[in-house]
Colleague: 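Take this structure first; my questions come after.
Just the heavy atoms: all of them, side chains too, but no hydrogens, waters or symmetry mates, feed the values below. This structure is a prediction, so every number in the text was calculated from the model and none was measured.
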Amino acid sequence: MEEQKDPASIKESLDDVVDKLEQDQKSSESWGTSIKSNRERWEVLKKKIRERQSELKRLVVEKKAGTIGKSEFEERYRRIQDELTELEFEVYNLRLGTSVKV
């Protein structure tokens with residue numbers, strides 16, 4: 001059963017995540033430590049993100065060239081964007097040591 005949280009608790013949780021995202025010396029050190037301790041995972045995530053970004057670029061070229069229709073473009077674009085969002089959340093979770101879900 002999914003745990004219900006009151007608005008104050010949700011706000012506090014979001015504030016905590018935002019604080020962790022602040023770009024200061026402490027967060028930079030934390031980021032470096034996280035990368036070092038999860039080197040293989042970072043490399044896999046970076047590779048997947050680059051692949052999805054390249055796929056998006058190719059998709060735009062196909063649309064401009066007229067080789068795919070609008071509905072196919074929108075469907076594939078949405079799928080790739082969803083995949084990128086999931087990958088970005090994985091990056092944030094590794095960086096912050098959290099398990100925030102999409």
Colleague: Say you draw a straight line from CD of E88 to CD of E90; how long is it, rounded to the nearest 0.5 Å?
Modeller: 11.0 Å
Colleague: Taking the side chain as every heavy atom from C-beta outward, state whether L59 and K63 have any atom pair closer than 4.5 Å.
Modeller: no
Colleague: Sequence neighbours excluded and cut-off under 3.5 Å, please list the side-chain donor-acceptor pairs for residues 43-53, or say none.
Modeller:
unit_1: E43; atom_1: OE2; unit_2: K46; atom_2: NZ; d: 3.4
unit_1: R52; atom_1: NE; unit_2: E83; atom_2: OE1; d: 2.5

Colleague: Transitively linked via ILVMFWY side-chain contacts under 4.5 Å: V61 with I68?
Modeller: no
Colleague: Look at E62 together with R76 and state whether they make a salt bridge at an N to O cut-off of under 4.0 Å.
Modeller: yes
Colleague: Supply the atom-to-atom distance I80 CD1 to E75 CD, rounded to the nearest 0.5 angstrom.
Modeller: 10.5 Å
Colleague: Just verifying a value: how many Å separate R58 CZ and T67 OG1, rounded to the nearest 0.5 Å?
Modeller: 12.0 Å
Colleague: Can you label the angle between the Y77 ring and the F73 ring as parallel, tilted or perpendicular, going by 30° and 60°?
Modeller: parallel
